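Computed from a prediction, not measured in an experiment: that's the story for all the values here.
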Amino acid sequence: MQRPASRRAGRRNASSYGPQPYGPQPYEPQPYEPGPYQASRPYGGRGPYEPDGPYRPAGGPYPPQQTRPQPWGAPPYGPPPRGPQAPYGPQAPYEPDTDPRLSGDNDLDIEGFDYPDHPDGPVRPAWRQRRRRRGRGRIRRFFRRRTVRVIVALIAVFCCWAAFSVGQALAAPGGGSISSKLAEWARDHYLGPVVTFGEWLTYQPPKVGGTPGFSLAAPAGAQAGKKYKKVHGFTPIIPARLSSPAGRPLTGEGSWRVLETVKGEPAIFSTFLRPDKVHTSYVAGIVSLDQRLVSFQLHPGSEDPGPGNWKAQPWIPPGSRTGLLATFNGGFKLNSAGGGFYLNGSYHGSLADGAATVVYYRNGTIKIGQWGRDLHMTPNVVGVRQNLKLIVDHGQIPANVNQDVLGSWGATLGGGYYVWRSGIGITSGGRVIFVYGPGLVVQTLADLLKRAGAVEALQLDINPEWMSFDYYKAEGTPVDPAPRALLPTQQGSAYRYYNIYSRDFTAVYAR
């Protein structure tokens with residue numbers, strides 16, 4: 001039995017079309033048909049089952065619904081706009097995709113497709129963006145590990161130290177190009193094999209054949225054939241012309257010329273020779289110095305041997321240039337020379353018996369020989385420079401000059417045998433011979449020294465950056481003479497010893 005309220009609700013909801021069968025009925029929406037009670041419908045003139053929203057028939061009999069402003073504001077958070085919306089709106093007919101980038105018939109990588117026609121500009125596919133975010137996340141997690149942070153910190157400290165050390169080497173005074181300074185720094189820090197490998201990659205063997213790039217003839221007035229008078233019993237020694245190892249001599253080849261005079265007497269002679277019959281475009285410079293007219297002074301280098309109580313400067317400062325006639329390079333770096341260095345009571349390393357040695361005496365003369373056999377320490381010795389072994393000994397060239405060239409006679413640029421080399425010797429009469437030039441092997445250097453009269457000789461430094469023989473002309477300013485290089489092909493400035501220099505060298509003065 002129904003309660004009164006339920007009966008009223010039942011009568012109100014009863015269909016005017018008569019009783020309906022029980023059970024679920026299939027839903028079949030019927031078109032609206034106005035009934036007799038249309039004017040008296042509740043809910044402001046809208047039937048309780050009248051569809052609302054975008055499915056309400058347009059132009060129906062009901063007035064537009066009056067709604068209050070909604071708190072969520074404009075889309076996208078408000079209700080959807082009325083009217084046909086995709087995907088319910090009209091659809092374009094199907095057309096096959098003609099984009100060649102998506103057809104699979106080309107070699108373009110789909111990962112590079114950035115949708116250039118997108119209204120917001122070119123964008124990457126979402127899956128690519130997610131992949132990139134995952135990659136960045138992995139990198140961040142990798143660098144958050146303590147071990148990785150420690151390794152990165154150590155690498156940063158090492159790079160800072162290396163940059164500081166290299167900067168000091170490049171800024172240090174002493175001459176030399178940037179490449180030579182970097183090579184020296186690397187060798188001093190156990191990177192010699194790396195430097196040698198790099199030089200080997202860039203090494204170019206000497207040219208075969210050809211002619212020299214400059215004239216070997218002596219300028220007018222410089223020939224040694226001039227007659228010199230005997231002054232107070234002094235008899236000048238004029239060296240004999242040298243034969244050319246290359247065969248038939250060129251004009252001026254082997255003929256001596258006067259570079260410097262002292263009190264009107266010839267003190268320094270020079271000439272040029274081609275070293276062999278194969279490399280005929282290369283020229284070696286040869287100098288002969290009379291110790292009766294000149295004196296020798298040993299100077300330390302700012303880096304080799306370095307600072308010390310040497311009582312000598314690593315350069316030729318103003319005020320000490322009067323009477324300066326010539327300068328030439330020293331030997332290997334002392335850690336590779338196989339001997340030591342001594343100057344004015346101070347040592348760098350120990351003097352080795354059996355080493356080839358140049359000894360400087362208080363009277364300005366020098367002697368060359370084997371330490372411990374020909375030469376010894378005496379009170380008259382002011383300087384000693386040792387370098388490798390003798391390459392001319394008692395007028396003979398030892399057979400070992402062609403054995404283990406790189407190990408016994410120094411690492412060369414690119415591991416080549418034919419490189420810039422220099423050497424110094426002494427004749428039986430006491431004249432000093434200096435030879436240097438390009439395209440030389442140890443055997444050729446020794447042969448040139450012996451050809452010029454040396455009975456004892458040793459190799460000095462090698463490779464072009466460290467080669468030099470400069471002579472000086474007063475030209476009206478005897479207190480500051482101007483230097484000139486003997487060989488036009490000599491590298492580096494002729495003024496190198498007027499500034500602080502990194503390697504030891506020898507200065508030659510007029511007596």
Side-chain angles (χ1 to χ4, degrees), residues 176-180 182-183 195-219 241-255 257 270-287 328-329 332 391 397 401-424 433-452 457 459-470 484-494 496:
S177 63
I178 293 178
S179 60
S180 65
L182 287 176
V195 177
T196 302
F197 178 72
E199 292 172 345
W200 175 77
L201 292 177
T202 58
Y203 173 72
Q204 295 181 353
K207 178 183 176 183
V208 175
T211 57
F214 60 95
S215 174
L216 307 186
R241 178 172 179 169
L242 303 180
S243 61
S244 174
R248 183 178 179 180
L250 300 176
T251 302
E253 184 177 9
S255 298
R257 70 192 69 185
S270 71
T271 188
F272 301 114
L273 285 179
R274 292 172 293 166
D276 54 52
K277 297 181 179 180
V278 178
H279 309 95
T280 54
S281 63
Y282 296 97
V283 175
I286 303 176
V287 182
F328 56 85
N329 58 271
F332 282 20
I391 60 175
I397 299 175
V401 296
N402 289 324
Q403 299 173 0
D404 189 21
V405 175
L406 297 183
S408 300
W409 308 108
T412 61
L413 293 177
Y417 295 162
Y418 292 87
V419 295
W420 277 81
R421 297 182 188 269
S422 63
I424 188 171
I433 307 297
F434 181 87
V435 176
Y436 81 127
L440 300 178
V441 295
V442 183
Q443 175 73 45
T444 307
L445 176 65
D447 179 72
L448 292 174
L449 286 163
K450 181 182 176 182
R451 189 177 294 263
Q459 178 181 259
L460 292 176
D461 215 342
I462 60 176
N463 295 328
E465 187 62 39
W466 312 112
M467 302 292 94
S468 68
F469 187 94
D470 304 311
R484 298 178 183 178
L486 176 62
L487 283 177
T489 54
Q490 173 181 310
Q491 296 188 17
S493 171
R496 68 180 72 196

Mind checking what makes salt bridge (charged side-chain N to carboxylate O under 4.0 Å, His left out) contact with Arg241, not counting sequence neighbours?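 For Arg241, no residue satisfies salt bridge (charged side-chain N to carboxylate O under 4.0 Å, His left out) once neighbours in sequence are set aside.
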Side chains of Asn329 and Ser422, donor plus acceptor under 3.5 Å: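 Looking only at side-chain atoms, Ser422 and Asn329 do form a donor-acceptor pair, the distance falling under 3.5 Å.
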So how far is it from [X] [atom1] to [Y] [atom2], rounded to the nearest 0.5 Å?
X: Ser215; Y: Phe272; atom1: OG; atom2: CZ; value: 9.0 Å
X: Phe328; Y: Asp461; atom1: CZ; atom2: CG; value: 12.5 Å
X: Asp470; Y: Ser493; atom1: CG; atom2: OG; value: 8.0 Å
X: Leu449; Y: Ile391; atom1: CG; atom2: CD1; value: 5.0 Å

Non-hydrogen atoms of [X] and [Y] that approach each other most closely:
X: Ala452; Y: Leu242; result: CA-CD2, 4.1 Å
X: Ser281; Y: Thr211; result: CB-O, 3.5 Å
X: Lys277; Y: Pro245; result: CG-O, 3.3 Å
X: Val442; Y: Gln459; result: CG2-OE1, 3.9 Å

Would you call the rings of Tyr436 and Trp420 parallel, tilted or perpendicular if under 30° counts as parallel and over 60° as perpendicular?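 Tyr436 and Trp420: tilted rings.
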Tell me whether [X] contacts the main-chain N or O of [Y] through its side chain, where contact means a donor paired with an acceptor under 3.5 Å.
X: Thr271; Y: Ser255; result: yes
X: Glu253; Y: Leu216; result: no
X: Thr280; Y: Gly210; result: yes
X: Arg274; Y: Ala246; result: no

Val441 vs Asp276 side-chain heavy atoms within contact, under 4.5 Å: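 The answer is no, as the side chains (C-beta and beyond) never meet within the 4.5 Å cut-off.
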Measure the shortest side-chain to side-chain distance between Trp466 and Arg496 over non-hydrogen atoms and say whether it is less than 4.5 angstrom.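 Answer no - side chains too far apart.
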Please, which pairs that meet salt bridge (Lys or Arg N to Asp or Glu O under 4.0 Å) have at least one residue in residues 437-447, sequence neighbours excluded?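 For residues 437-447: Asp447-Arg451.
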Evaluate side-chain contact (heavy atoms from CB on, under 4.5 Å) for Tyr418 paired with Lys207, printing each intermediate quantity in order. CA-CA 10 Å; Tyr418 292 87; Lys207 178 183 176 183; over 6 Å; no
Identify, with sequence neighbours excluded, every residue that meets ring pair (Phe, Tyr, Trp, His ring centres under 6.0 Å) alongside Tyr282.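 Listed in chain order: nothing, the list is empty.
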